[in-house]
Amino acid sequence: MKSNLGKEELEKLKEIDEELRKNLKESRYRHTVSVAHTAACLAMVYNAPLYDTMLAGLLHDCAKHLSDEELLKHCRKKNISINSVEEKNPALLHARYGAYLAENKYKVKDKDVLSAIEFHTTGRPGMTLLEKIIYIADFMEPYRNQAPNLSEIRKLAFKDLNEALKLTLKSVIEYLDSNKMPVDEITQKTYDYYR
Ligand code: FE
Ligand code: FE
């Protein structure tokens, strides 16, 4: 595993960081950087490549500034699939469209980085290490403060990533249920797969 950032990699991360600072509102930008750093800490524990992790962390919400209408419009235009839950809740599409932007606007080629962005809101059965790290980092970064079992997940994440993933998925589903929000089929499948 490559644990140091090369000069070009540092430059690329800086470039993306500056672009995101321009595009995202302040609180979203803060969350973004926070996810990248939290994910980097997890990468250090679990031997994930640092650059890929930082890249995925920085870009995971790169389409989050778009409105529901814009996300639907862009996805239709680019022939990106939209399922029935996304049709009802287009904000979910920021993940898939974010992966599209990462590839086409930010020129990311690594498939694992792109899928970590694509699946950061739902997870999926059989997640890669990087996908798990981004999913969990998004949930537990220091500025998050809503979920009831955050401190448990934060501690667990550094000891047992799969247990932390299970608990995170459970929290997400409980949160959606208690707010009478539809649970994406893939989120449910992911939870069933890991529990
Ligand atoms: Fe997101
Ligand atoms: Fe996020």
Side-chain angles (χ1 to χ4, degrees), residues 13 16-17 19-43 48 52-72 74-75 80-83 85-106 108 112-124 127-147 149-150 153-154 157 161 164-165 167-169 171-173 175-176 179 181-188 190-191:
L13 292 175
I16 292 174
D17 186 294
E19 183 69 20
L20 293 169
R21 190 152 38 140
K22 274 187 270 164
N23 287 344
L24 301 174
K25 65 175 186 183
E26 204 257 322
S27 58
R28 181 62 51 187
Y29 172 71
R30 205 176 341 117
H31 161 73
T32 288
V33 173
S34 201
V35 169
H37 289 163
T38 302
C41 293
L42 292 170
D52 294 352
T53 305
M54 296 283 289
L55 204 52
L58 277 180
L59 287 171
H60 83 283
D61 273 345
C62 71
K64 191 77 178 186
H65 60 297
L66 299 169
S67 69
D68 286 2
E69 294 69 33
E70 287 171 319
L71 284 167
L72 285 169
H74 290 310
C75 286
I80 297 169
S81 65
I82 304 169
N83 67 34
V85 177
E86 290 160 346
E87 202 79 60
K88 267 178 251 146
N89 184 8
L92 287 169
L93 288 169
H94 80 276
R96 193 164 311 130
Y97 191 62
Y100 174 88
L101 285 182
E103 185 171 10
N104 294 283
K105 175 178 177 191
Y106 296 95
V108 172
D112 198 21
V113 172
L114 297 175
S115 74
I117 298 169
E118 176 168 358
F119 294 104
H120 84 266
T121 26
T122 58
R124 63 166 176 150
M127 291 163 89
T128 65
L129 174 62
L130 183 58
E131 288 171 6
K132 290 176 191 172
I133 286 176
I134 298 301
Y135 186 84
I136 294 169
D138 189 28
F139 188 87
M140 67 175 245
E141 61 92 351
Y143 291 109
R144 294 283 199 201
N145 58 12
Q146 301 289 337
N149 47 9
L150 258 179
I153 289 173
R154 281 172 176 150
L161 198 66
L165 178 66
L167 199 54
T168 304
L169 284 159
S171 300
V172 168
I173 289 174
Y175 172 84
L176 292 172
N179 286 282
M181 283 151 85
V183 177
D184 201 299
E185 197 187 310
I186 179 164
T187 301
Q188 187 61 52
T190 308
Y191 181 53

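Since the model is a prediction, treat every value here as computed from it, not as a measurement. All ligand and atom numbering here is 1-based and tracks the order in the structure. When a residue number appears, it is its place in the shown sequence, counting from 1.
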Original post:
Taking only residues two or more places apart in sequence, or in another chain, which ones meet His37 in a ring-ring contact (aromatic ring centres under 6.0 Å, His included)?
Top reply: none
Original post:
Within less than 2.8 Å of the Fe ion (ligand 2), how many protein N/O/S atoms are there?
Top reply: 4
Subject >> Polar contact flag, side-chain donor to acceptor under 3.5 angstrom, Asn23-Tyr29 >> reply: no
Subject >> Residue pair Ser171 / Asn149, side-chain donor-acceptor N/O under 3.5 Å >> reply: yes
Subject >> Tyr191: partners by ring-ring contact (aromatic ring centres under 6.0 Å, His included), with sequence neighbours left out >> reply: none
**OP:** Name all residues meeting the ring-ring contact (aromatic ring centres under 6.0 Å, His included) criterion together with Tyr97; count only those two or more places apart in sequence or in a different chain, and write none if there are none.
**Re:** His74, Tyr100
Original post:
side chain to side chain contact (heavy atoms under 4.5 Å, CB included) between Ile16 and Leu55: does it pass, once the steps are laid out?
Top reply: CA-CA 8 Å; Ile16 292 174; Leu55 204 52; 3.4 Å; yes
